[in-house]
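Side chains are part of it too, since the values below use all heavy atoms of this structure and drop only hydrogens, waters and symmetry mates.
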Amino acid sequence: MGSRRRPGAPADLEELRPGRFVLHNPAVGPALRGEGVREGDRFTLTSQRRDGLLARLRARGFSVISLADRIADLPALPEALPTGALHLLPLAVHERVSVFRGEPPAWHPLTATATPTHGVMLCAGWIIWKRKGRGPGSYYLVERGGLRPLSRDKALLQGYAQIGAHTHVLDVVPNDQGEIALPDLSLPHDYAIVLGRIATYHDNHWLIAATDLRLVAMLLGRLGYALESTRV
């Protein structure tokens, strides 16, 4: 059945947004009848038999990528590292350092000491972002012997591992339209791409339909965070 799949397509049926799919293989079409609305190679699921439908497609040999599948394939957190004693990191005059921590997790600037040496106090095991002035900066793991350079994504994954040794809770509050507002979190690139398929970014936060909160909870759960809303 996969022989009719569009060249280069990742699957026969791919979920682009919650309940909204693209057919990369027209042979999938007949199996979707009565389950939703078909418009060319786009399909909107309207039935309540989502899990059963996807299971039947896979049983018939079709490849399906759902948003839940994408979440399951996101990079896992590395092992949390032990933290050590505080030590001073000397800085140039225009250098700034932020550490990844807090509720919600974010880059928090550190205050430099004035004497006897201009610098910041760091612990081994911290994840930091160091930059000069307003430049893009670089990411590091603080070690006893100095700083180990990391890519942004590896820094964020290690940062979430460091502060997520225990599950943390993010409070989410529905607005008047019943959408849930989620803070603008610093996320690894692949996580941000998948979240962008589920939620809508607006005015420095994410808006999530109540029906899609489960997917966002799955995504953030991989980073050690749970969502909590008293009105959903």
Measuring from [X]:[atom1] to [Y]:[atom2], what's the distance to the nearest 0.5 Å?
X: L156; Y: I127; atom1: CG; atom2: CD1; result: 9.0 Å
X: L185; Y: Y191; atom1: CG; atom2: OH; result: 12.5 Å
X: T44; Y: R17; atom1: OG1; atom2: CZ; result: 12.0 Å
X: L54; Y: L45; atom1: CG; atom2: CG; result: 7.5 Å
X: L23; Y: R42; atom1: CG; atom2: CZ; result: 9.5 Å
X: L77; Y: L223; atom1: CG; atom2: CG; result: 5.5 Å

Please report the closest heavy-atom contact between [X] and [Y], naming both atoms and the distance.
X: L215; Y: A68; result: CD2-N, 4.1 Å
X: A80; Y: A161; result: CB-O, 3.4 Å
X: E15; Y: R197; result: O-NH1, 3.3 Å
X: P26; Y: R4; result: CG-NH2, 3.4 Å
X: L57; Y: V28; result: CD2-CG1, 4.0 Å
X: H108; Y: G102; result: NE2-CA, 3.9 Å

If you draw a 6.0 Å radius around [atom1] in [X], do more than 12 non-hydrogen atoms from other residues or ligands fall strictly inside?
X: H87; atom1: NE2; result: yes
X: R214; atom1: CZ; result: no
X: R148; atom1: CZ; result: no

So do the side chains of [X] and [Y] get within less than 4.5 Å of each other, counting heavy atoms only?
X: P109; Y: R96; value: no
X: P18; Y: T211; value: no
X: H24; Y: P10; value: yes

Q.
Quick check on the hydrophobic clustering: are M218 and I65 connected, directly or via other members, by side-chain heavy-atom contacts under 4.5 Å?
A.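 No, because M218 and I65 fall into different hydrophobic clusters, even though each may have its own neighbours under 4.5 Å.
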
Q.
Please say yes or no: joined through hydrophobic side-chain contacts below 4.5 Å, possibly via intermediate residues, are V22 and L13 part of one cluster?
A.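 They do not share one cluster, since no chain of ILVMFWY contacts under 4.5 Å joins V22 to L13.
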
Q | Counterpart residues, ring pair (Phe, Tyr, Trp, His ring centres under 6.0 Å), relative to F100 (two or more places apart) | A |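 Applying ring pair (Phe, Tyr, Trp, His ring centres under 6.0 Å) to F100 gives W107, Y160.
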
Q: Output yes when E14 and R6 qualify as a salt bridge under the 4.0 Å nitrogen-oxygen rule, no when they do not.
A: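 R6 and E14: not salt-bridged.
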
Q: Please step through side-chain contact (heavy atoms from CB on, under 4.5 Å) for the pair L141 and L81, ending with a clear verdict.
A: CA-CA 10 Å; L141 167 65; L81 301 174; 3.6 Å; yes

What pairs with [X] under side chain to side chain contact (heavy atoms under 4.5 Å, CB included), at least two apart in sequence or on another chain?
X: A192; answer: L187
X: H202; answer: H205, L207
X: A72; answer: none
X: P90; answer: T117

Q) In a check of side chain to side chain contact (heavy atoms under 4.5 Å, CB included) between I71 and each of L195, L220, D190, V194, which one passes? A)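 Of all the options given, the one that passes is V194.
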
Do [X] side-chain atoms and [Y] backbone N/O form a donor-acceptor pair below 3.5 Å?
X: D153; Y: H189; value: yes
X: R38; Y: G40; value: yes
X: E39; Y: F43; value: no
X: S186; Y: A106; value: no

(Q) Checking S47 against E35: is there a side-chain donor and acceptor pair closer than 3.5 Å? (A)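 There is such a pair between these side chains.
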
Q. What's in the same ILVMFWY side-chain cluster as L89, cut-off under 4.5 Å, chained through other members?
A.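 Noted: L89 shares its cluster with L86, L88, L91, V97, V99, L110, V120, M121, L122, W126, I128, Y140, V142, L147.
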
Q: Using the six-membered ring wherever Trp is involved, compare the ring planes of W206 and Y201 and label them parallel, tilted or perpendicular (cut-offs 30° and 60°).
A: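 Plane angle over 60°, so perpendicular.
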
